[in-house]
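One-based numbering along the sequence shown. Keep in mind the model is a prediction, meaning the values are calculated, not measured. Just the heavy atoms: all of them, side chains too, but no hydrogens, waters or symmetry mates, feed the values below.
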Amino acid sequence: MLPEQNPYSPGSGRRPPELVGRQKELEAFDTLTARVGYGMGDRGIVLTGLRGVGKTVLLNEMHRRADAADWLTVRLEARRDEQGAKTVRRALAREVVVAARKLTRTTLTGRMRDALGTISSFNAKIGATSIELGVDISKGRADSGDVEVDLLELVEDVAGALGEKRRGFAVFVDEMQDLDAETMGALIAAQHAANQRDWPFYIVAAGLPNLPRVLTETRSYAERLFNYRPIGKLGRDDAAYALREPAERLGAEYEPESLEKLLDATDGYPYFIQEFGQTAWNLAPDRTITVADAEAAVSYGTEQLDAGFFKSRWERATRSERRMLYAMAADGEGPSPTAAVAHRMSLQPSSLGPYRAALISKGLVYAPEHGQLAYTVPGMAAYIDRHHDDLDFTGAPE
């Protein structure tokens with residue numbers, strides 16, 4: 001079939017042609033926006049799961065719905081590097097100013113004008129952008145240089161003004177586990193204050209499965225601030241629909257057995273569904289995707305994933321870190337007891353600390369519980385098993 005007509009769309013954060021199996025999460029967000037419309041409060045939402053399950057797609061869809069409800073929204077992606085804190089704060093100030101520009105096109109109440117002044121003050125302190133909002137800077141508001149104080153004042157003024165019109169202020173954060181502790185603490189504190197004082201301010205975040213623990217370690221009360229929604233792989237019926245429906249809309253179909261083979265290969269993970277679906281479409285010579293087409297798609301698609309999705313992560317690890325990833329593979333998809341991993345590496349458990357911390361920092365593993373480690377991407381153990389004879393343990397420096 002023609003590649004240019006291929007309906008599947010593998011990629012980071014790209015919306016699939018069929019967003020299935022996430023109705024409960026979307027209903028939770030729709031309930032939040034509806035409650036704000038009634039002048040009532042609720043909790044923020046935190047989406048957690050492995051890479052490839054569609055967290056970013058779901059976060060983007062919630063962002064779109066918030067925009068449609070005429071909320072003031074900001075979209076951030078956390079970074080774990082030396083410049084991460086500065087970059088995220090500048091992005092926050094810039095995005096708030098850009099989002100606030102649409103407010104200047106309406107008749108401003110006195111409280112909204114004051115809120116725009118606070119936004120301008122917050123932006124001026126950080127120096128994120130030269131965009132002006134046509135109001136005077138509110139001196140003494142959100143300009144102390146203390147991120148927690150300034151963010152709290154920003155939220156108080158902006159959410160308070162929007163609340164008069166029963167609209168919300170939301171910060172959407174992807175990869176939230178990678179936020180620096182100070183910025184994360186400031187956001188959580190602002191959400192806490194908003195919950196207590198009925199300001200319509202909400203954090204909607206996505207991250208790895210360890211994000212709830214990171215949040216509560218930053219602020220112990222974070223466990224009560226959010227509606228935590230674990231996101232996993234799709235059920236078989238939803239996965240079948242996600243594969244079958246895009247093809248059928250374009251006049252193509254799967255033989256029953258070919259669909260089953262692809263479902264087995266994807267194991268319900270949305271990213272793999274798009275990858276194998278795209279490959280099956282491109283390899284099929286006509287509008288019926290046969291068992292032979294599916295088998296070829298599984299073989300070729302796996303090679304594609306190995307060459308990009310998995311290999312790129314393997315190559316980010318140093319020599320010793322790769323040994324640790326290899327040792328974890330004996331437990332399949334895990335989790336792996338750290339003591340067992342240390343034994344396989346002929347090390348004392350205490351010696352794993354630096355490698356464990358580095359792999360967590362790189363987003364390659366996470367700690368589901370104390371004394372355990374697991375891969376952040378599904379299928380990593382199978383990749384290592386497929387290539388155990390030729391994996392490179394020497395490329396990356398220590």
Side-chain angles (χ1 to χ4, degrees), residues 36 39 41-44 66 70-76 78 84-104 106 108-173 176 179-205 215 218-222 224-226:
V36 171
D42 209 329
R43 295 175 294 171
D70 213 18
W71 285 23
L72 190 147
T73 63
V74 173
R75 176 74 159 79
L76 303 173
K86 183 178 180 180
T87 300
V88 167
R89 292 176 200 174
R90 287 174 64 87
L92 173 61
R94 182 179 63 251
E95 294 302 314
V96 170
V97 171
V98 171
R101 280 177 58 82
K102 66 182 180 181
L103 301 177
T104 65
T106 63
L108 299 178
T109 63
R111 196 168 184 181
M112 184 61 73
R113 184 173 293 276
D114 290 343
L116 293 176
T118 301
I119 292 173
S120 297
S121 178
F122 184 77
N123 172 60
K125 184 65 181 180
I126 296 179
T129 177
S130 60
I131 295 175
E132 296 183 358
L133 298 176
V135 298
D136 293 333
I137 290 177
S138 297
K139 294 182 179 179
R141 295 294 288 174
D143 61 0
S144 71
D146 183 316
V147 64
E148 185 165 328
V149 171
D150 292 347
L151 187 59
L152 182 60
E153 292 179 348
L154 176 74
V155 168
E156 178 180 8
D157 292 355
V158 174
L162 289 168
E164 291 183 333
K165 297 186 176 182
R166 297 192 174 180
R167 291 155 59 188
F169 175 23
V171 177
F172 293 81
V173 188
M176 192 172 183
L179 272 182
D180 66 283
E182 189 177 10
T183 304
M184 182 179 290
L187 283 168
I188 295 171
Q191 182 69 84
H192 189 212
N195 285 14
Q196 290 180 320
R197 303 172 196 178
D198 288 329
W199 301 334
F201 168 74
Y202 301 99
I203 296 169
V204 183
L215 293 174
T218 304
R219 291 287 192 278
S220 60
Y221 51 74
R224 291 164 285 162
L225 295 183
F226 301 103

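To the nearest 0.5 Å, atom CG of residue Leu108 and atom CG of residue Leu103 are 7.5 Å apart. To the nearest 0.5 angstrom, Leu151 atom CG is 11.5 Å from Ile188 atom CD1. If you take NZ on Lys165 and CG on Asp70, they are separated by 9.0 Å, rounding to the nearest 0.5 Å. His192 contributes atom NE2, which lies 4.0 Å from atom CD of Gln196 (distance to the nearest 0.5 angstrom). Annotation: the span from Asn195 atom CG to Leu225 atom CG amounts to 5.5 Å, rounded to 0.5 Å.
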Discussion item. side-chain contact (heavy atoms from CB on, under 4.5 Å), that's the test. Do Ile119 and Val158 meet it? Break it down for me.
Written reply: CA-CA 8 Å; Ile119 292 173; Val158 174; 3.6 Å; yes
Item to complete: For Met184 and Leu215, run side-chain contact (heavy atoms from CB on, under 4.5 Å): C-alpha distance rounded to whole Å, both residues' side-chain angles, the deciding distance at 0.1 Å, then the answer.
Response: CA-CA 8 Å; Met184 182 179 290; Leu215 293 174; 3.9 Å; yes
Practice prompt. Test side-chain hydrogen bond (donor to acceptor under 3.5 Å, both in side chains) on Asn123 and Ser120 and set out the steps.
Written response: CA-CA 5 Å; Asn123 172 60; Ser120 297; over 6 Å; no
Discussion item. Show, in sequence, the C-alpha distance, side-chain angles and deciding distance for Leu179 and Val88, and conclude whether the side-chain contact (heavy atoms from CB on, under 4.5 Å) test is met.
Written reply: CA-CA 8 Å; Leu179 272 182; Val88 167; 3.7 Å; yes
Worksheet item: Given the rule in the side-chain contact (heavy atoms from CB on, under 4.5 Å) test, do Gln191 and Phe226 qualify, once you have shown the distances and angles that lead to the verdict?
Response: CA-CA 9 Å; Gln191 182 69 84; Phe226 301 103; 4.0 Å; yes
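Considering all non-hydrogen atoms of both residues, Arg111 and Ala161 come closest at O-CB, 3.8 Å. For the residue pair Met176 and Ala78, the shortest heavy atom distance occurs at CA-CB, 4.4 Å. For the residue pair Ile203 and Leu187, the shortest heavy atom distance occurs at CD1-O, 3.2 Å. Closest approach of Gly185 to Arg219, counting heavy atoms only: O-NH2, 3.7 Å. Closest approach of Thr218 to Ala181, counting heavy atoms only: CG2-O, 3.9 Å. For the pair Leu133 and Val97, the tightest heavy-atom approach, listed with the atom from each and the gap, is CD2-O, 3.8 Å.
The closest side-chain heavy-atom distance from Thr109 to Arg113 is not below 4.5 Å. Contact annotation: the side chain of Leu162 approaches that of Met112 to within less than 4.5 Å [non-hydrogen atoms, C-beta and beyond].
In this structure, the side-chain contact (heavy atoms from CB on, under 4.5 Å) partners of Thr73, at least two apart in sequence or on a different chain, are His63, Ala66, Asp67, Trp71, Phe172.
Remark: side-chain polar atoms of Thr104 are not paired, donor with acceptor, to backbone N or O of Ala100 under 3.5 angstrom.
Residues Glu148 and Arg89 are not paired through a salt bridge, judged by the lack of any N-O separation under 4.0 Å between the basic side chain and the carboxylate. Note on Arg75 versus Glu95: no salt bridge recorded, every NZ/NE/NH1/NH2 to OD/OE distance being 4.0 Å or above.
Sorted by first and then second residue, the side-chain hydrogen bond (donor to acceptor under 3.5 Å, both in side chains) pairs involving residues 131-143 (not counting sequence neighbours) are Arg141-Glu156, Arg141-Asp157.
Test Tyr202, Trp199, Phe201 against Phe169 for ring pair (Phe, Tyr, Trp, His ring centres under 6.0 Å) and you get one pass: Phe201.
Other residues, nucleotides and ligands contribute over 12 non-hydrogen atoms within 6.0 Å of the CZ atom of Arg43.
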